[in-house]
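In what follows, a single structure is set out as structure tokens and then discussed.
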Amino acid sequence: MPALENTFLFAEPLKHYLEYASVVLHQIVEANKHSGQTIIELIGDDATPDNALKQLQNTNPIVFSMTGHGNETTTSLECTAVLVNTESPQLSLLKGRVVSLVSCLTAQQLGPAIIDAGATAYLGYKENFWFFIGDAAGTTRAVQSPFLAAFQFEASLLQGKSVADARKDQLAKYDEEIAYWMSGAGKNDVNSMELSRILEMNKAVSVFLGEGYITPSPGPTVLTAGANSIPFALAGVLLGIAIYREIVA
Amino acid sequence: MSKDLVQKWYEHLPNQERELPLILLDGIVYTPTTAYNEVMRDSPVGIRLQALIEQGKFGTSTEDEQAIAKTRLEQWLSTQPDKPLFATLSNKVFTPSQLLEEIQSGTPIGEQWKNNEINHMRNLMHLR
């Protein structure tokens, strides 16, 4: 059965400094989701491998996006519990899906294994993914910036863009964040040196594999502005007519 | 050849970057500030530095690039507060001094930072 359009599964663990990533991913989901989309977010203690694999099976999402600690062959969720490695039979659960792993090093072996298992696309990192922890998670642009760039891919998919366009948007967001810290308003911030370098490194090691032509959430804007808003539009017209009649009478 | 371009380049640089070694000429390493001062006073070396800045080059061999990159990272990281500032999604956390040790020991993590620093230097040279 093909993966379900407009269905997104996000895994957002919080421990071992992962709150720095998950707080931003959650905000991005909230800001970009549309009616007509099915959004499943496994947050904190719910972001276990068991739950993620069950949700992949039961909800059959077209997009699976997660953050977690990883290495060349493996990625993990809450408390560094392993989700899959290159030998896992569960890789078959990723078939037909767009898979985004904001996790270190997985592009070396796990990413290609995910594509070999039949995933439509994979986005990840071939070296270490760096982030800044000098402030509390989610509180400053410095701690958010690496993840604002990384999760632009998810933001654009939720907005209804194709995988290829979402990847373009992500690379452009990397450039925008780098420019902010190197020559923009943030260039003399006390943390600008850290952030410009972190973003440059993450962009340089970001890897996309697979096909870009798929649009996982076609027409979310149409759904919002179209079908769902017709009753409201009709009600508005009728109310206007009623008010007009009252005034004329 | 225009001093305006050098002036604009210098003004675009973040303040902290202006004091880190960047351009190598005849075995001497210049920070953006020292290079800018030489250009502005029309010294013979200033004219040659201006040409390098206009071309966006820092005038070095690969070996020199590595050495300057390492020096820049040492100079910067040694002035940072020694508390955890950097983390990776491979469950590692570093203070600036721990990161400096990685760079000085030439570990894969240190090499990632050093190689990136060379790209960073190129990006700085191309700021306009």
Side-chain angles (χ1 to χ4, degrees), chain A residues 13 15-18 20-21 66-72 74-76 79-80 101-106 124-135 137 142-143 146-147 150 175 178-179 181-184 186-205, chain B residues 8-22 32 69-70 72-96 98-100 102-103 107-128:
Chain A
K15 294 181 182 129
H16 298 273
Y17 292 93
L18 294 174
Y20 282 87
M66 58 157 282
T67 186
H69 293 299
N71 62 37
E72 293 86 343
T74 306
T75 193
S76 66
C79 289
T80 67
L101 306 183
V102 177
S103 188
C104 283
L105 295 155
T106 61
Y125 295 85
K126 65 182 176 185
E127 297 292 341
N128 283 298
F129 181 100
W130 289 88
F131 57 106
F132 180 71
I133 55 169
D135 303 311
V143 293
F147 299 108
D175 290 339
I178 291 167
W181 296 107
M182 266 186 87
S183 55
K187 74 174 184 178
N188 291 324
D189 183 281
V190 67
N191 301 126
S192 67
M193 303 276 277
E194 287 88 341
L195 267 299
S196 56
R197 287 162 175 80
I198 283 172
L199 284 153
E200 284 169 340
M201 279 190 286
N202 291 346
K203 184 187 176 198
V205 301
Chain B
K8 277 184 191 158
W9 170 73
Y10 183 74
E11 285 168 359
H12 269 106
L13 289 170
N15 291 341
Q16 295 179 82
E17 299 278 4
R18 292 178 185 174
E19 311 309 325
L20 292 179
L22 182 61
K70 191 172 164 198
R72 289 170 57 84
L73 290 168
E74 285 169 348
Q75 196 170 316
W76 162 51
L77 288 169
S78 62
T79 61
Q80 295 305 296
D82 209 27
K83 59 177 191 174
L85 292 182
F86 306 95
T88 69
L89 288 176
S90 54
N91 206 10
K92 290 177 183 153
V93 171
F94 298 90
T95 63
Q98 288 167 334
L99 188 55
L100 197 48
E102 299 277 338
I103 292 161
T107 65
I109 279 175
E111 289 301 298
Q112 188 185 8
W113 277 82
K114 211 163 67 177
N115 290 332
N116 181 71
E117 192 62 19
I118 294 167
N119 290 331
H120 186 74
M121 289 156 64
R122 282 199 190 97
N123 291 339
L124 289 173
M125 290 303 299
H126 286 102
L127 277 183
R128 293 289 184 262

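For clarity, every value in this text was computed on a predicted model and none was experimentally measured. Chain A is the first sequence line, chain B the second, and so forth, proteins listed ahead of strands; every chain is numbered from 1. Note: hydrogens, waters and symmetry copies are ignored here, and every other heavy atom, side chains too, is used.
- Between A:Glu194 and B:Trp76, some side-chain heavy-atom pair lies under the 4.5 Å cut-off.
- Contacts between A:Phe129 and chain B at a heavy-atom distance below 4.5 Å involve backbone atoms as well as side-chain atoms.
- Put simply, the side chain of B:Phe86 does not reach to within 4.5 Å of the side chain of A:Asn128, judged on heavy atoms.
- Heavy atoms only, all atoms of each residue included: B:Thr88 and A:Cys104 are closest at CB-SG, 3.9 Å.
- The number of heavy atoms from other shown groups lying within 6.0 Å of OH (B:Tyr10) is above 12.
- Of the atoms belonging to B:Arg128, not a single heavy atom falls under 4.5 Å from chain A.
- The shortest non-hydrogen separation linking B:Ala87 to A:Ile133 is CB-CG2, 3.9 Å.
- Contact of A:Thr80 with chain B is made through the side chain alone, with heavy-atom distances under 4.5 Å.
- Put simply, OG on A:Ser76 and CG on B:Asn91 are 7.5 Å apart, with the number rounded to the nearest 0.5 Å.
- Heavy atoms of B:Leu85 lying under 4.5 Å from chain A belong to its backbone as well as its side chain.
- Contact of A:Asn71 with chain B is not made at all, since no heavy-atom distance falls under 4.5 Å.
- One finds a salt bridge joining B:Glu17 and A:Arg197 here, because a Lys/Arg side-chain nitrogen approaches an Asp/Glu carboxylate oxygen to under 4.0 Å.
- Per-residue heavy-atom pair counts under 4.5 Å with chain A were compared for B:Leu89, B:Asn123, B:Leu77, and the maximum is reached by B:Leu89.
- In this structure, the side chain of A:Asn188 does not engage the main chain of B:Pro14 through any donor-acceptor pair within 3.5 Å.
- Shortest non-hydrogen contact noted between A:Gly70 and B:Ser90 is O-CB, 3.5 Å.
- Residue A:Ile178 does not touch chain B at all, counting heavy-atom pairs closer than 4.5 Å.
- Ring geometry for B:Phe94 against A:Trp130 counts as tilted: the plane angle lies between 30° and 60°, on a 0 to 90° scale.
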Legend entry - Derivation and outcome, side chain to side chain contact (heavy atoms under 4.5 Å, CB included), residues B:Gln16 and A:Val190: CA-CA 9 Å; B:Gln16 295 179 82; A:Val190 67; 5.7 Å; no
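- Neither the backbone nor the side chain of A:Thr75 comes within contact range of chain B; no heavy atoms are under 4.5 Å apart.
- You'll find the side chain of A:Met193 reaches within 4.5 Å of the side chain of B:Leu20, heavy atoms only.
- Within the 4.5 Å cutoff, side-chain heavy atoms of A:Val205 are placed close to those of B:Gln112.
- B:Asn119 and A:Glu200 form no side-chain donor-acceptor contact under 3.5 Å, judged by distance and modelled atom types alone.
- Rounding to the nearest 0.5 Å gives a distance of 10.0 Å between CD1 of B:Ile109 and CD of A:Glu127.
- Remark: side-chain polar atoms of A:Lys187 are not paired, donor with acceptor, to backbone N or O of B:Asn15 under 3.5 angstrom.
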Inset, instruction - Before giving the answer on side chain to side chain contact (heavy atoms under 4.5 Å, CB included), spell out for B:Leu124 and A:Met182 the whole-Å C-alpha distance, their side-chain angles and the decisive distance to 0.1 Å. - result: CA-CA 8 Å; B:Leu124 289 173; A:Met182 266 186 87; 3.5 Å; yes
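- Residue contact with chain B, scored on non-hydrogen atoms closer than 4.5 Å, is absent for A:Asn202.
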